[in-house]
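Hydrogens, waters and symmetry mates play no part in the numbers below; they use all other heavy atoms, side chains included. Within every chain, numbering begins at 1; the chains are lettered A, B, ... in the order of the sequence lines, protein sequences first and strands thereafter.
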Amino acid sequence: MELLIQQLVSGVATGGIYACMALSIVMIYQAIHHLNFAQGEMAMFSTFIAWQLLQWGLPYWIVIPLTVAISFSGGIAIERIVIGPLGEAAVLSHAVVFIGLYAVINSLASFIWDFTTRPFPSPFGAGSQFGNLISNQQIGMIAVTLLVLALLYAFFRYTRVGLAMRAAAENPTSARLAGIRVGLMAALGWGMAAAVGSIAGVLIAPIVFLEPNMMLSILLYGFAGAVLGGLSNPAGAVAGGFAVGVIENLAGTYVPVIGSELKLPIALLLIVIVLVFRPTGLFGRTIVQRV
Amino acid sequence: MQNRRFFLKRGIAGLLLSASLALSSPGHAAGKYDPGASDAEIKIGNTNPYSGPASAYSTIAKTFDAYFNKLNEEGGINGRKIKFISYDDGYSPPKSVEQVRKLVESDEVLLVFQPLGTANNIAIRKYMNGKKVPQLFVSSGAATFGDPKQFPWTMGWQPSYESEGIVYARWILEHLPNAKIGVLYQNDDFGKDVLKGLKIGLGDKTSTIVAALPYETSQPTVDSEVIKLKASGADAFINVATPKFAAQAIKKAYEIGWTPTQILSNVSDVVNDVLKPAGLEASTGILSTAYLKDSGDPQWADDPGMKDFYAFMDKYYPAGDKSSKSNAYAYTVAQTLVHVLKQCGDDLTRANVMKQAASMQQVTMPLFLSGMTMTTSETDYYPIKQLQMKKFDGTRWVHFGKVISSEDLQDTHKP
């Protein structure tokens, strides 16, 4: 029983990492209707920036907003310089550019900061709660993820810019006719995705440690969470992230065939199952398009 | 026609042979050479990951280059200069094969020294043995690189992962005979070799391993595994992980209040990379093993071997990190190669290089911990088989106890 509770809590804690990542994946999907493979690397790079600022002696409460601001401008810059010129190119062209971005950002980070594993200070202090089951950092991470989720929900639901962004992503032509500047919206979406990613990175780094490849597998689990919950629904994606963390731990512990060795394939299996039976995800909306 | 060309060739070869015999100066002992060696120089090849995910290791090859520069400035080996040719393989095995072919066939090196990576060395091993070119002191701890029966041209250097496992088992049997052992291991040749060594060393007490859990490098964390290990009731935790995961495991064990005797694989015994991220308080008391003096530890500041190493780094590789374990390792393995080449004398054939490498008798090196030696033979291709235990006291590693050997248990007949 103790093992079950521990694995559950630890699954929720790990799921929090995936949820964080899933949220930033959905964020960019909302803005451009593409899956950005470089999302994890962008978050990693932002985290390195935060680390560097901390190394220079700036206090935490300046570093975080500064990092978010830098990431926001960085995201916009990437959209303007690399993605914008692609325009309405085919999905494959976008995928290739994303993979290219992935490689460039990863190499750049390792060139500047090398591959050493670095500790990243936790803003929530060292201790842990509930009989040492979950660290303060993990609780803080989950809380911030939910907060960001609420903010994003409100943004997309109730603000003019949020609605305009959704319109620009879902139907660029009509949006343009309605007077929305589609290009600007896409750039804003990239900026926001990069900003959400930077928060995810800063939250995750104290747990998995900071190094250029830290996001590699997390991105995969994040995708699994996002697909499970539904790419069109931020709340669903967060729930999906938690679900992946818990399912992975429980299956690894109690299904003897799976053990620790087959934990990663579970995430992939989840993606396949969901895509076969509910392509829009557990919480996704089915979009009906008139043709 | 065929015949004439054959005779022509032989004729020219004979002519060249007699000419070269006549030309060799009387004062200089006429050397016996294979491609890559001459009166003037010895060509040594190497592959290293200068780019890609493992590029941090390339400091090893940079240290080699610096060391051979120093050696050449001091007159070389028996009057011959070293020409060190090192190519980037990006840590990718097919690329290593390509680069090694280039080294052997186009650069015509005498031997390939310290190619890095387990998979990379396995990838080139067949080619090296087919061509009968020494693949000397490979940069990997996999136990498979000590199999003279099948691969007489391939030799390892550092203590194999297997022998590390054997040493831990011996220490536990002696000091914690009633321990219940929990193992976290990376699911690859490194983790599996240490686990295998552990089982060999425990012998009929293998059942004291109450849990052995693998993890994949693709996992974000090993939290779940550590919780399971605690639940298994283990009171001795053997952490066979690469740096990031090793640090996560130490931190998690501390957070969930699990306080077993901890043994950490020496792959991850780096204070800055592992113990500091994991937390110094959480890391205090952890045990590991070593065979080299730690160049980052002030206790060796007055050690003559260490002083030479620092002087070398300052002059020939100032950009390198003096406290880095990789650089001290590279310095020592380069010295081992120089020892072997000196032993070869004027017989610089590939066969003699292997013969000399396989006849080291109690050879010691300046950065070895006291009591550590290298011994090899035609049937023993593992130069270093001993390790000494060490304990982390909160700031640095303190060596203790006698040198533990794995020699008698090492399985020299690989499948």
Side-chain angles (χ1 to χ4, degrees), chain A residues 2-11 13-14 17-18 21 106-107 110-111 114-120 126-128 131-138 204 206-222 245 248-253 259-265 267, chain B residues 49 51-59 90-91 184-187 191 211-233 242-248 251-258 268 270 272-282 321 324:
Chain A
E2 195 198 344
L3 182 65
L4 173 68
I5 294 170
Q6 282 183 336
Q7 290 291 1
L8 268 178
V9 176
S10 145
T14 320
I17 301 178
Y18 307 154
M21 200 61 223
N106 186 290
S107 310
S110 49
F111 175 73
D114 78 45
F115 283 96
T116 319
T117 309
R118 293 183 168 82
F120 193 92
S128 50
N132 295 327
L133 273 180
I134 183 164
S135 66
N136 288 353
Q137 167 63 30
Q138 284 166 327
I204 294 169
I207 301 167
V208 302
F209 301 122
L210 182 58
E211 48 111 15
N213 295 324
M214 66 181 264
M215 287 295 184
L216 198 65
S217 53
I218 295 174
L219 183 70
L220 200 59
Y221 286 104
E248 178 197 50
N249 263 12
L250 293 185
T253 307
S260 298
E261 276 155 314
L262 291 178
K263 274 169 71 176
L264 184 62
Chain B
S51 64
S55 56
Y57 286 125
S58 64
T59 185
Y91 208 46
L184 174 72
Y185 67 97
Q186 186 157 308
N187 199 11
L213 298 178
Y215 72 89
E216 303 289 336
T217 47
S218 56
Q219 281 176 225
T221 75
V222 292
D223 288 0
S224 171
E225 284 75 14
V226 174
I227 291 172
K228 265 188 266 178
L229 283 172
K230 186 192 178 192
S232 75
T242 43
K244 183 171 93 176
F245 298 102
Q248 286 180 356
K251 193 173 167 195
K252 187 70 190 175
Y254 182 73
E255 277 176 3
I256 61 175
W258 183 36
S268 295
V270 196
N272 279 329
D273 245 18
V274 178
L275 304 183
K276 268 190 196 157
L280 291 177
E281 206 186 319
D321 176 6
S324 145

Inset, instruction - Find the distance between CD (A/Gln138) and CD (B/Glu255) and round it off to the nearest 0.5 Å. - result: 6.5 Å
Inset, instruction - Enter the distance from A/Leu8:CG to B/Ile227:CD1 here, rounded to the nearest 0.5 Å. - result: 10.0 Å
Between [X] and chain B, with a heavy-atom cut-off of 4.5 Å, which part of the residue counts as in contact: side chain, backbone, both or neither?
X: A/Ile207; result: both
X: A/Ser110; result: neither
X: A/Phe111; result: neither
X: A/Tyr221; result: side chain

Legend entry - Steps toward side-chain contact (heavy atoms from CB on, under 4.5 Å) verdict (B/Lys228, A/Gln6): CA-CA 9 Å; B/Lys228 265 188 266 178; A/Gln6 282 183 336; over 6 Å; no
Legend entry - salt bridge (Lys or Arg N to Asp or Glu O under 4.0 Å) partners of B/Lys244, counting only residues at least two apart: A/Glu211
Indicate the atoms forming the closest heavy-atom contact of [X] with [Y], along with that distance.
X: B/Pro220; Y: A/Ile218; result: CB-CG1, 3.7 Å
X: B/Asp223; Y: A/Ser10; result: CB-OG, 4.1 Å
X: B/Pro277; Y: A/Phe209; result: O-CE2, 3.4 Å

Inset, instruction - Might you work through the side-chain contact (heavy atoms from CB on, under 4.5 Å) test for A/Ile17 and B/Thr221, ending with a clear yes or no? - result: CA-CA 10 Å; A/Ile17 301 178; B/Thr221 75; 4.2 Å; yes
Inset, instruction - Say whether B/Gln219 and A/Ser217, considering side chains only, have a donor N or O and an acceptor N or O under 3.5 Å apart. - result: no
